[in-house]
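Working notes, structure below.
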Amino acid sequence: MEEIAVDHTHAFSRKTVWLHWLVAVVMLPMLAIGIYMSLAEAYGLYDIHKSIGLLALPLLAARAAWRLRQGWPRPLGRYRASERWLAKAIHWCLLLGTLALPLSGMLYSAASGHGFGIFGVTLVPANQDPSDPDAVIPYSQLLSVLGETAHEWVGYGLVVILLLHVAGALKHHLVDRDGTLRRMLGRHV
Ligand code: HEM
Ligand code: HEM
């Protein structure tokens, strides 16, 4: 890969490429684990899900900061304004979604009284119900519902947006036959 410090139309910086694929490697399994554990009520996975999400937060924030500082990549081909608008809207949703998910998860877990931590190191303690060892008491019912609803909607919404995103990448590669996907793989196109 050619060493460039900032993104150009014909090549992305190493940082852009690494950050994109690292985030993808974290986000895709996290979405799958989140959906599986909540549908299957696999409570053994909750601490792992929370821990990975918290550890990923600096990476997700660094990527968002890098993208916002650089501006958005310029399209390679001559596309219709509507297509360019759609790509940009999807990229914004992806970027904001990667931040909204861990933050809403933290809000929900903290406010609901379940608490959270990183692999056994408690950051927000559970609010145990003194009369029932299996139950917790919400610190704030309102913030708990807000966090839970946001986490769920953004989570499922992001899955839909990601399907469009990957379909878009494949369309560029297979139908338009331009270098959009290869550029994100670190090639000079
Ligand atoms: C990369 C970050 C994260 C992703 C992609 C992610 C994704 C998801 C998804 C898709 C679900 C299933 C939808 C739902 O029921 O809400 C879920 C559930 C859940 N997530 Fe996350 N999450 C992330 C980070 C976090 C963090 C940091 C916490 C807490 C500290 C958290 C706590 C939870 C909890 C408690 C549930 C279960 C909700 C329920 O059973 O109703 N998540 N997550
Ligand atoms: C197999 C999965 C994925 C493929 C094939 C893929 C492919 C691509 C490609 C080719 C681009 C460049 C678009 C352009 O130059 O206009 C791109 C950009 C982008 N992708 Fe993905 N992507 C994947 C997963 C993800 C995931 C999981 C996320 C985050 C949740 C994500 C977020 C973004 C964002 C925000 C951009 C805008 C450019 C940037 O910020 O660097 N992608 N993706």
Side-chain angles (χ1 to χ4, degrees), residues 7 9-13 15-43 45-57 59-60 63-68 70-77 79 83-84 86-112 114-118 123-124 144-145 147-159 161-173 178-187 189:
D7 295 346
T9 308
H10 296 285
F12 283 161
S13 64
K15 203 163 165 184
T16 288
V17 173
W18 271 96
L19 283 173
H20 175 269
W21 293 112
L22 277 177
V23 166
V25 162
V26 171
M27 289 300 288
L28 295 174
M30 277 295 281
L31 288 166
I33 295 172
I35 290 171
Y36 170 77
M37 72 181 199
S38 59
L39 292 181
E41 299 185 6
Y43 296 117
L45 288 175
Y46 275 50
D47 277 349
I48 297 173
H49 177 82
K50 293 180 191 181
S51 303
I52 299 175
L54 291 166
L55 285 174
L57 192 51
L59 169 73
L60 303 173
R63 172 169 156 67
W66 174 246
R67 176 49 60 214
L68 295 180
Q70 292 240 352
W72 294 96
R74 295 166 77 91
L76 269 174
Y79 291 101
E83 218 167 326
R84 276 182 288 148
L86 183 68
K88 197 172 223 180
I90 287 180
H91 289 163
W92 266 111
C93 289
L94 289 171
L95 205 65
L96 294 179
T98 54
L99 295 177
L101 270 174
L103 295 178
S104 58
M106 287 160 73
L107 178 66
Y108 171 42
S109 294
S112 65
H114 287 96
F116 60 74
I118 299 178
L123 298 176
V124 174
S144 171
V145 172
E148 182 180 20
T149 311
H151 202 62
E152 195 169 346
W153 277 83
V154 176
Y156 284 104
L158 205 64
V159 171
I161 302 265
L162 264 172
L163 291 175
L164 291 174
H165 179 60
V166 174
L170 291 177
K171 176 190 172 279
H172 277 294
H173 195 64
D178 64 19
T180 304
L181 181 57
R182 282 183 290 121
R183 183 170 68 168
M184 194 44 106
L185 289 167
R187 311 268 163 72
V189 293

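Indexing begins at 1, ligand by ligand and atom by atom, following the structure's order. The residues of the chain are indexed from 1 along the displayed sequence.
Taking every heavy atom of Ile35 and a limit of under 4.0 angstrom, the matching atoms of ligand 1 come to 10 (C), 11 (C), 12 (C). Per-residue contacts place Met27 under 4.0 angstrom from the following atoms of ligand 1 (heavy atoms of the residue considered): 1 (C), 5 (C). When each atom of ligand 1 is checked for a heavy atom of Met37 under 4.0 Å away, the hits are 18 (C), 19 (C), 20 (N), 34 (C), 36 (C), 37 (C). Every atom of ligand 1 is numbered from 1 in the order shown, and the set under 4.0 Å from a heavy atom of Glu148 is 41 (O). Taking every non-hydrogen atom of Ala24 and a distance limit under 4.0 Å, the qualifying atoms of ligand 2 come out as 24 (C), 27 (C). Numbered from 1 in the order shown, with element, the atoms of ligand 1 that lie under 4.0 Å from a heavy atom of Tyr156 read 13 (C).
The shortest N or O to N or O distance between Ser109 and ligand 1 is not below 3.5 Å. Considering backbone and side-chain N/O atoms, Arg183 comes within less than 3.5 Å of an N/O atom of ligand 2. Considering backbone and side-chain N/O atoms, Trp72 never comes within less than 3.5 Å of an N/O atom of ligand 2. Of the polar atoms of Arg67, at least one N or O is found under 3.5 Å from an N or O of ligand 2, judged by distance alone.
For His49 and Tyr43, the gap between ring centers reaches or exceeds 6.0 Å.
Taking 2.8 Å as the criterion, His20 counts as a coordinating residue of atom 21 (Fe) of ligand 2, since one of its N, O or S atoms falls below it.
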Glu83 vs Lys171, salt bridge (Lys or Arg N to Asp or Glu O under 4.0 Å): CA-CA, chis, key distance, verdict: CA-CA 12 Å; Glu83 218 167 326; Lys171 176 190 172 279; 3.0 Å; yes
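Residue-level proximity to ligand 2 for His91 is carried by backbone and side chain together, each with a heavy atom below 4.0 angstrom. Of the heavy atoms in His172, none comes closer than 4.0 Å to ligand 2. Of the heavy atoms in His114, none comes closer than 4.0 Å to ligand 1.
Scanning all protein heavy atoms for the shortest distance to atom 15 (O) of ligand 1 gives Ser38 OG, 3.4 Å. Nearest protein heavy-atom neighbour of atom 16 (O) of ligand 1: Glu152 CA, 3.4 Å. Atom 29 (C) of ligand 2 has as its closest protein heavy atom Thr98 CG2, 3.8 Å. The protein heavy atom nearest to atom 26 (C) of ligand 2 is Leu162 CD2, 3.5 Å. For atom 5 (C) of ligand 2, the closest non-hydrogen atom on the protein side is Trp21 CH2, 3.7 Å. Shortest contact from atom 13 (C) of ligand 2 to any protein heavy atom: Thr180 CG2, 3.7 Å. Nearest non-hydrogen protein atom to atom 2 (C) of ligand 2 is Val166 CG2, 3.7 Å. The protein atom (non-hydrogen) at minimum distance from atom 20 (N) of ligand 1 is His151 NE2, 2.8 Å. Scanning the protein heavy atoms around atom 33 (C) of ligand 2, the nearest turns out to be Arg63 NH2, 3.3 Å. If you check which protein heavy atom lies closest to atom 27 (C) of ligand 1, you get Pro102 O, 3.7 Å. Counting protein heavy atoms only, atom 38 (C) of ligand 1 is closest to Tyr108 CE2, 3.8 Å. Remark: minimum distance from atom 9 (C) of ligand 1 to any protein heavy atom is reached at Gly34 CA, 3.7 Å.
Checked against atom 21 (Fe) of ligand 1, the N, O or S atom of His49 at the shortest distance is NE2.
In this model, no donor atom of one side chain and acceptor atom of the other lie less than 3.5 Å apart for Tyr156 and His151.
Evaluated by nearest non-hydrogen atom to atom 37 (C) of ligand 1, the leading choice among Tyr46, Tyr43, Trp153 is Tyr46. Residue nearest to atom 22 (N) of ligand 2, selected from His173, Gln70, His165, Met30: His165 (by heavy-atom distance).
Nearest heavy-atom pair across Gly77 and Asp178 is N-OD2, 4.5 Å.
Residue Phe12 places a heavy atom less than 4.0 Å from ligand 2.
Within a 6.0 Å radius of OH in Tyr36, no more than 12 heavy atoms belonging to other residues, nucleotides or ligands are found.
Taking the six-membered ring where the residue is Trp, Trp72 and His91 present parallel rings, their angle staying beneath 30° rather than reaching 60°.
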